[in-house]
Amino acid sequence: MTAHPPGTTEDPTVVGGFVPVVDVDGRDGSPARRREIARAIDTACRESGFFGIVGHGVDLSLIQRMHDVTVDLFSTPDAEKAALLVPPDDPTLRGIFARAGSVSAAEDITTSPDLCELFTMNQLGEPGVAEVAGLGDAYDVWSRPNVWPERPAGFKETWLEYYRQVSDLSADLMRLCALGLGLDEEFFTPFVDIHSSNLTANWYPPVDTDPLPDQYRKGPHSDWGTLTILYQDNCGGLQVFDKAGDWIDVPVVEGGFVVNIGDLMAVWTNDEWVSTKHRVLAPTGEMARKPRVSLAFFHQPNWSADIECLPSCQGPGKPAKYAPTTSGAYLLQKMESAFGSAE
Ligand SMILES: O=C(O)CCC(=O)C(=O)O
Ligand SMILES: [Fe+2]
């Protein structure tokens, strides 16, 4: 991580291109530095909706521990994993999800089942959080406790600390997004102060038979919330759809995260910021023998937050493209269309 003394205006874009890498260190520094970072984020969100970040401040040894405990969880015997499976009627997906299905179903795209298992938790599943989160009719379901494994040791503590640190990062990024959009930097804060973000591990097991022609580790989809903050290991395979209709590899940034815009940010900005389709290719050759792990923090506004086109992103000749929605209703509808039909 580089240190930026107050007042420096060094370009925060450290790698250019369709998926640039932005150094967000110094984001709590001078107004000039904050504006530079916000401008770099704004540029990336208009172009691809994807960017890497370094200088994010999340403890690198914690990220390594998250990787390790997550690999250990998915490597436990199936009999032990069975006790952690998401119940068929649970739309929150808390626990291990290993049913056949493809996330592309949420886009009405038919593909063969994703070569992927998931483990998901949400702060709403921790004691006391749901009580203040304005869940309304959804309270009974979304206040259900997270499903925590007993092994490996330290799993729950590691995941909760990672959730806390990435949640803080997401709050900072939302302030920078507001600045980048020319809004007051606290504009989004009341919409996200008791957010309903899922933290999901994607476990992509080794592949020992040839994948079907329309089979992916994760099929083409856009994400559904505001921002996704993604850790990926060094296996590669993540691709993003560019404006010319080509799939572009998203490079692994050592020690960094990939950030991408989700659908609700596209609703807010009337598609000025793009919620871009992406996918994870099924591996071939040597790579097929290796599992892949990614950790996706799907930043999702407060359950009852109303999301509608920002006044600054619409006007005469430029009407709002999307009907207003609420964060929780949108999430639920997407989760059910992606995962609900696979029972
Ligand atoms: O595993 C990855 O690199 C990306 C996963 C993804 O797109 C998702 O979980 O929404
Ligand atoms: Fe995604």
Side-chain angles (χ1 to χ4, degrees), residues 19 21 45 48-53 63 66-67 70-71 74 86 92-94 96-99 101-107 109 111 113-122 159 162-163 166 170 196-207 211 215-242 247-266 273-283 287-288 290-300 330-331 334-335 337-339 342:
V19 181
V21 178
C45 292
S48 63
F50 266 76
F51 55 100
I53 56 170
I63 299 174
M66 271 297 276
H67 172 101
T70 303
V71 171
F74 283 102
V86 178
T92 69
L93 242 58
R94 287 173 201 163
I96 293 182
F97 183 88
R99 299 198 290 261
S102 167
V103 71
S104 298
E107 314 279 336
I109 301 171
T111 68
D114 291 346
L115 300 162
C116 182
E117 293 176 25
L118 313 172
F119 175 84
T120 296
M121 55 73 61
N122 190 311
W159 268 66
Y162 182 88
Y163 192 100
V166 177
S170 72
S196 18
S197 310
N198 278 322
L199 174 58
T200 296
N202 292 301
W203 169 253
Y204 305 100
V207 176
Q215 194 164 32
Y216 300 91
R217 275 187 154 165
K218 191 158 292 236
H221 66 282
S222 61
D223 290 349
W224 310 325
T226 52
L227 305 167
T228 301
I229 301 176
L230 181 88
Y231 158 84
Q232 52 166 336
D233 70 11
N234 59 12
C235 289
L238 175 61
Q239 294 189 320
V240 54
F241 201 54
D242 77 2
W247 288 99
I248 308 290
D249 289 330
V250 177
V252 176
V253 181
E254 192 78 26
F257 291 117
V258 175
V259 178
N260 66 277
I261 295 306
D263 297 349
L264 292 183
M265 197 59 107
W273 283 16
V274 282
S275 175
T276 303
K277 281 206 175 38
H278 49 285
R279 65 184 186 182
V280 181
L281 289 180
M287 290 312 284
K290 281 188 71 178
R292 179 175 185 273
V293 180
S294 70
L295 302 165
F297 180 86
F298 296 111
H299 184 255
Q300 183 77 26
Y330 190 81
L331 176 66
K334 283 292 191 178
M335 286 183 82
S337 54
F339 305 111

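Computed from a prediction, not measured in an experiment: that's the story for all the values here. Start at 1 and go down the list; that is how both ligands and their atoms are numbered.
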**Prompt:** If hydrogens are left out, which of His278, Lys277, Arg217, Arg279 has an atom nearest to atom 7 (O) of ligand 1, that is, the closest non-hydrogen atom?
**Reply:**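 Residue with the shortest heavy-atom distance to the ligand atom: His278.
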**Message:** Suppose I only count heavy atoms of Phe298 and a 4.0 Å limit; which atoms of ligand 1 are within that range?
**Reply:**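 Close to Phe298: 8 (C), 9 (O), 10 (O).
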**Message:** Give the atom numbers and elements of ligand 1 that come within less than 4.0 Å of a heavy atom of Lys218.
**Reply:**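 Checking each atom against Lys218, I get 5 (C), 6 (C), 8 (C), 9 (O).
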**Asked** Phe74 vs Trp203 aromatic rings, parallel, tilted or perpendicular, using cut-offs 30° and 60°?
**Response**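 Answer is parallel, since the angle falls under 30°.
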Tell me the protein heavy atom at minimum distance from [atom], and give that distance in Å.
| atom | answer |
| --- | --- |
| atom 9 (O) of ligand 1 | Asn202 ND2, 3.0 Å |
| atom 10 (O) of ligand 1 | His221 NE2, 3.0 Å |
| atom 4 (C) of ligand 1 | Val280 CG2, 3.7 Å |

**Request:** Answer yes or no: is there a donor N or O on one side and an acceptor on the other, between the side chain of Asp114 and the main chain of Gly219, under 3.5 Å?
**Result:**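 Judged by distance alone, yes, a pair lies under 3.5 Å.
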**Prompt:** Backbone N or O of Gln232 within a donor-acceptor pair of the Ser294 side chain at under 3.5 Å?
**Reply:**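 The answer is no, because no donor-acceptor pair under 3.5 Å joins these two groups.
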**Item:** Ser294 N/O to ligand 1 N/O under 3.5 Å
**Value:**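 Between Ser294 and ligand 1 (N or O atoms, distance only) the closest approach is under 3.5 Å.
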**Message:** Among Lys277, His278, Glu107, which residue satisfies the side-chain hydrogen bond (donor to acceptor under 3.5 Å, both in side chains) criterion with His221?
**Reply:**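 For His221, the side-chain hydrogen bond (donor to acceptor under 3.5 Å, both in side chains) test succeeds with only one of Lys277, His278, Glu107, which is His278.
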**Message:** For Thr120 and Asn198, which I'm curious about, is there any donor-acceptor pair between the side chains at under 3.5 Å?
**Reply:**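 There is no such pair between these side chains.
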**Prompt:** Going by heavy atoms, is Arg292 under 4.0 Å from ligand 1?
**Reply:**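 It does, in that a heavy atom of Arg292 comes within the 4.0 Å cut-off of ligand 1.
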**Prompt:** Can you tell me how far the CZ atom of Phe298 sits from the CG atom of Asn260, to the nearest 0.5 Å?
**Reply:**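 Output value for this atom pair is 8.5 Å.
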**Atom pair CH2 (Trp224) and CE (Met335), whose distance is rounded to the nearest 0.5 Å** =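 Going from CH2 on Trp224 over to CE on Met335, the span is 6.5 Å.
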**Message:** Which residue in the set Thr276, Thr228, Leu227, Asp223 passes side chain to side chain contact (heavy atoms under 4.5 Å, CB included) when paired with Ile261?
**Reply:**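 The passing option is Leu227.
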**Request:** For the Fe ion (ligand 2), count the protein N, O or S atoms found under 2.8 Å away.
**Result:**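 Counting protein N, O and S atoms closer than 2.8 Å to the Fe ion (ligand 2) gives 3.
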**Message:** Contact between Gln239 and Leu281 at the side-chain level, heavy atoms closer than 4.5 Å - yes or no?
**Reply:**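 When only atoms from C-beta onward are counted, Leu281 and Gln239 do touch, with a gap below 4.5 Å.
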**Message:** With a heavy-atom distance limit of 4.0 Å, tell me whether Leu230 approaches ligand 1 through its side chain, its backbone, both, or neither.
**Reply:**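 It is the side chain that gets close, since no backbone atom is under 4.0 Å.
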**Request:** Indicate, as side chain, backbone, both or neither, the part of Asp223 found under 4.0 angstrom from ligand 1 when only non-hydrogen atoms are considered.
**Result:**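 The side chain, only.
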**Asked** When you look at Phe339 and Leu118, which way does the side chain to side chain contact (heavy atoms under 4.5 Å, CB included) test go after all the steps?
**Response** CA-CA 11 Å; Phe339 305 111; Leu118 313 172; 3.9 Å; yes
**Request:** Would you please test Leu295 and Thr70 for side chain to side chain contact (heavy atoms under 4.5 Å, CB included) and show each step?
**Result:** CA-CA 9 Å; Leu295 302 165; Thr70 303; 4.0 Å; yes
